[in-house]
> 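Next up is a structure, given as C-alpha cells.
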Amino acid sequence: MKFVVLTKAAVPLSTAIRIDPKTGTLVREGVPLSTNQWDRDAVEFALKLRDRYGGEVIAISMAPPSGIPALESLIGMGVDKAILATDRVFAGADTWATSYVLAKTIEKYVPDYTLILAGEETIDSTTAHVGAQVASHLNIPYVYYVYDAEIQGNKIRVKRFLEDEGVDEYYEMELPALISVAKGTQMPREVSLSRKLNAREKIMQATNKELGLDPECVGLKGSPTFVATQTGATFPPRKRKIYQGDPRESVKALVEELKKEGLL
Amino acid sequence: MPCKLWPPVNKEEYKGVWVYLEHDGTKLKDVALELLGKARDLAAKRGNAPVGGVLVAGTDEMAQEAIYHGADKVVVIVNPELKVYTPYEYANAIAKVVAKYKPEIFLIGGTKRGREIAAFIANTLATGITADCTALEIDPKTGDLLQIRPTFGGTQMATIKTPQRRPQMASVRPGVFPKPPRDVNRKGEIIHESVELNGRRTVFLGAEKRIERDIADLPPVESADVVVAGGRGLGSAEGFKLLVELAKLLNGTVAASLMAVRAGWAPHTRQVGQTGKTIRPKLYIAVGISGAVQHMMGIQESKYIVAINSDPNAPIVQNADYAIVGDYKQIVPLLIEEIKKAKGIK
Ligand SMILES: Cc1cc2nc3c(=O)[nH]c(=O)nc-3n(C[C@H](O)[C@H](O)[C@H](O)COP(=O)(O)OP(=O)(O)OC[C@H]3O[C@@H](n4cnc5c(N)ncnc54)[C@H](O)[C@@H]3O)c2cc1C
C-alpha cells in the first residue's frame, strides 16, 4: 500500500514575514521553513497505517529548495521517501495551483497510491482547501477531520469528529481516497537522528521540466485568485481607559462606566 | 493565454449572489441566514441582482425561510441519494446546480462541513475560492468581489480577488455577519432539481453525539449579549467558577481563549477567536487573556471590551475600552460585589 502525505513547508509564525510587493504573496524563498505543525499529525497517521498494513509512506511537498530540511525531518520521523515539487514557475500559487501541482506530482510518481493524507489546515494560511482540491483534481472521494481509520480490501472506513456539531461520524469510501487528519489527534513521533541519516538520498526533486505542466496553469499565473492588497491587521478604535492602583477604586470606576453605558 | 484547464467564461452570463443553505435536518443553520443578509447587501451593489440559495435534501419550509431572510430564488436538490450528507457527493451535486444557474458570487458558511466541500466545489467549477472571509465588498471600479481575510496567523489582512473566473467564491465563519431580519411578506421562487449523481463513492455509516462536559449550564457563546471569557491567566479550572458567577450575574455566558481550552478548563465549543467562534456581544470581559491577534479576530465586533489583566503591557489592555490592571483573583470578586450593589442584589 502506498500512503501519500501532503506536507507544507510553512513559514513558522515566529518569523518576521516578508510580502512580495508585486504579487502580495508571502516570500518563502530564503526563509527557514518547517513542516506545518498539523501535517505532522497526518504523517503520524500514515506511519501508523503503514505499520499496521505494510507498504510505504511518501511525503509530497511543493516548496522552494528551502523546503528540503522540513522533508529531512519527516524522513527522520520514519517517512520512506519524499518528493519535492520545486520550480520558480510554481511561485505565488494559490490553493488551486498548489493542489494542481501536488495532484500531478502524485499521478506521475505514485500513480498506484492507496490513500492520500493531508493535515487539517496550515498554520500560516489556515484555508483547509488543498486536501479537497487535490481530491477534486484526481476525482477521488474524501473525508475531512479523520482521527481513526481501518482498511478492508479496496475500502476504507474512517471515524471523524465534527467539532461544531459535537458529533462523531463514520464513513466508508472506495480507495483510492483522501482524508484530512484532525489536528492535535495523533501525537507525532520524535524525529530520530539515525533515521534522518542519509535523508537527502530519500528526497527526490521534481522541477516542471519533469512534471511537464502548462506554465499557465501553475504558480501565480495558474491561480484564479490573487492577493490585491495585504496589510497589517487593525482593530476598531477603543476607549482605552485603563485603571491601575487600588483594586476597589478601579472596580468602582469600571462599574460606574458600565452603568453610564447602560450595560448593567 | 489563461490556463487551458479552465473553460472560458463569459462574465456577462453570471448574475446574482447565491448562498449554500446548510441545515441540520430540521432548520437552516444561522450562518446560512447571515450569508443571505450579506448576499442582499452585495446584490444591491451589483444593480439589484437576484439573491439565490442552494439547499440539499431540505424542505420547502426551509426554502421559504430563506426567502423570508432575503432569497429571491431557492433551488432544492431532491435526489433521494443525497438524503444524507457525504462530502464528495454533496460537493459534486452543489457544483452542478451552481454551474447551471451561474451566479456571479457563491458563498458558503465556514462550518466544518462547509469548509469540507467549499474548495472541492470551487475546483469542480474551475474557479478560485477564499477561505474564512471576515469582510466582503464590491470593488467600485471593476465590480469584482473583494474577499477580505486574515492570513498568516491573523497578523495580516489580505484582500483577494478572482478577476478572471466566475463564480467568485468565499467561505465565511458563523457569526461574522449579522442575521438579517425575517420578513414574512417577502416573496420568492422555489425550484426542485433532481441532480444526477455520477455514482456513489462514499457511504455514511452512522453518527454519535459526543458528550462533552461543560463548565456551566449557560447559553452558547454566540447568542449571549454579555460574554465573560477566561484565558491561561486564570491558572486553573477553578478560576472559571468565578467567571461563571460573574456571567450569571450579568445574564451572560462564559467563553475561553485557545490556551484555556487547551488546558482543558473549558470545552472547545466555548473557544472564541480565529479558530474558535466569532462573537459580537454588547459586552466582552476578558479575564487573564493576553489578547493575541488570533483571539482579537473573534471578538473585535464586541460593542465594549473590558480587560482584567495583571500585565499593563498585555495587548488586550491596549485594545480594550476599559481595562483593570491587577490580579483577577482580587478583581473579579470585587467586581461581583460592586455589580450586586449596583443592581441592588444582596
Ligand atoms: C493559527 C492560529 C490560530 C489561533 N486561534 C486562536 C483562537 O481562535 N482563539 C484564541 O484565543 N487563540 C488562538 N490562537 C492562539 C493565540 O495566538 C494565543 O496563543 C492565545 O490566545 C493566548 O491565550 P491566553 O491569552 O489565554 O494565554 P496567554 O497568552 O498565556 O495570556 C495569559 C494572560 O493572562 C495574564 N495573567 C496571568 N496571571 C493573571 C492573573 N492572576 N490575573 C489577571 N491576569 C493574569 C497575563 O498577563 C497574560 O496576558 C491561535 C494561534 C494560531 C497560531
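Here the structure is a predicted model, which means the values were calculated and not measured. A, B, ... follow the sequence lines: proteins, then strands. Residue 1 opens every chain. Heavy atoms only: backbone and side chains are in, while hydrogens, waters and symmetry mates are out.
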> Heavy-atom distances under 4.5 Å only: say whether Asp168(A) touches chain B with side chain, backbone, both or neither.
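Looking at Asp168(A), backbone and side chain both touch chain B.
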> Under 4.5 Å, counting heavy-atom pairs only, tell me which of Ala320(B), Ala158(B), Pro312(B), Gly128(B) racks up the most with chain A.
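Most pairs with chain A among the choices: Ala320(B).
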> So which atom in Ala149(A) and which in Ile156(A) form the shortest heavy-atom distance, rounded to 0.1 Å?
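Heavy-atom minimum between the residues: CB-CD1, 4.0 Å.
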> Would you say the ring centroid of Phe120(B) lies under 6.0 angstrom from that of Tyr142(A)?
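Ring-ring flag for Phe120(B)/Tyr142(A): true, centres closer than 6.0 Å.
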> Could you report the tightest heavy-atom contact between Ala122(B) and Ile129(B), atom names first, then the distance?
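Smallest interatomic distance, heavy atoms only, reads CB-CG2, 3.6 Å.
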> Charged N to carboxylate O under 4.0 angstrom, Lys340(B) versus Glu337(B)?
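Glu337(B) and Lys340(B): not salt-bridged.
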> Does the pair Val101(A) and Asn208(A) meet the rule for a side-chain contact (heavy atoms from CB on, under 4.5 Å), with working shown?
CA-CA 9 Å; Val101(A) 170; Asn208(A) 202 35; over 6 Å; no
> Using a cut-off of under 4.5 Å on heavy-atom pairs, state which of Met1(B), Glu208(B), Arg165(B) scores highest against chain A.
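That would be Glu208(B).
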> Considering only heavy atoms, which portion of Glu121(A) lies under 4.5 Å from any heavy atom of chain B: side chain, backbone, both, or neither?
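For Glu121(A), the contact with chain B is made by the side chain alone.
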> Pick whichever of Val134(A), Asn139(A), Asp94(A) has the most heavy-atom pairs under 4.5 Å with chain B.
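Between Val134(A), Asn139(A), Asp94(A), the count favours Asn139(A).
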> In terms of heavy-atom pairs under 4.5 Å with chain A, which of Lys343(B), Glu301(B), Lys4(B) leads?
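Of the options given, most contacts go to Lys4(B).
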> Salt bridge between Asp214(B) and Arg270(B), side-chain N to carboxylate O under 4.0 Å?
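Yes, Asp214(B) and Arg270(B) are salt-bridged.
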> Checking heavy atoms, do the side chain of Ile242(A), its backbone, both or neither come under 4.5 Å from chain B?
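Its backbone and side chain both get close to chain B.
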> Quick check on Leu258(A) against chain B: is it the side chain, the backbone, both or neither that has a heavy atom closer than 4.5 Å?
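Contact with chain B: side chain only.
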> Under 30°, 30 to 60°, or over 60°: which ring-plane class applies to Tyr243(A) and Tyr322(B), parallel, tilted or perpendicular?
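Judged by the thresholds at 30° and 60°, the geometry between Tyr243(A) and Tyr322(B) is parallel.
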> Quick check on the interface: out of Gln164(B), Met296(B), Lys282(B), who has the most heavy-atom pairs with chain A under 4.5 Å?
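The option with the most such pairs is Met296(B).
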> Taking every non-hydrogen pair under 4.5 Å, which of Lys209(B), Glu116(B), Met169(B) racks up the most with chain A?
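That would be Glu116(B).
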> Which region of Thr127(B), side chain (C-beta onward) or backbone (N, CA, C, O), has a non-hydrogen atom less than 4.5 Å from a non-hydrogen atom of chain A, or is it both or neither?
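Looking at Thr127(B), just its backbone touches chain A.
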> Under 4.5 Å from any heavy atom of chain A, what part of Leu250(B) do you find: side chain, backbone, both or neither?
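Contact with chain A: side chain only.
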> Answer with side chain, backbone, both or neither: which region of Tyr145(A) has an atom nearer than 4.5 Å to a non-hydrogen atom of chain B?
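When you check distances to chain B, only side chain atoms of Tyr145(A) fall under 4.5 Å.
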> What part of Ser99(A) gets closer than 4.5 Å to chain B, counting heavy atoms only: side chain, backbone, both or neither?
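Side chain of Ser99(A) only, per the 4.5 Å heavy-atom cut-off to chain B.
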> Would you call Asp132(B) and Arg115(B) a salt bridge, taking side-chain N to carboxylate O under 4.0 Å as the test?
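Between Arg115(B) and Asp132(B) there is a salt bridge, with a charged N closer than 4.0 Å to a carboxylate O.
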> At a heavy-atom separation under 4.5 Å, does Lys221(A) approach chain B through its side chain, its backbone, both, or neither?
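Backbone of Lys221(A) only, per the 4.5 Å heavy-atom cut-off to chain B.
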> Could you tell me whether Arg238(A) and Asp321(B) make a salt bridge, using a distance below 4.0 angstrom between a side-chain N and a carboxylate O?
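Yes, Arg238(A) and Asp321(B) are salt-bridged.
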> Trp96(A) and His137(A): aromatic ring centres closer than 6.0 Å?
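They qualify: ring centres under 6.0 Å apart.
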> Which atoms of Glu120(A) come close to chain B, meaning under 4.5 Å heavy atom to heavy atom: side chain ones, backbone ones, both, or neither?
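Only the side chain of Glu120(A) comes within 4.5 Å of chain B.
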> Side chain, backbone, both or neither: which part of Val143(A) has an atom under 4.5 Å from a heavy atom of chain B?
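Both backbone and side chain.
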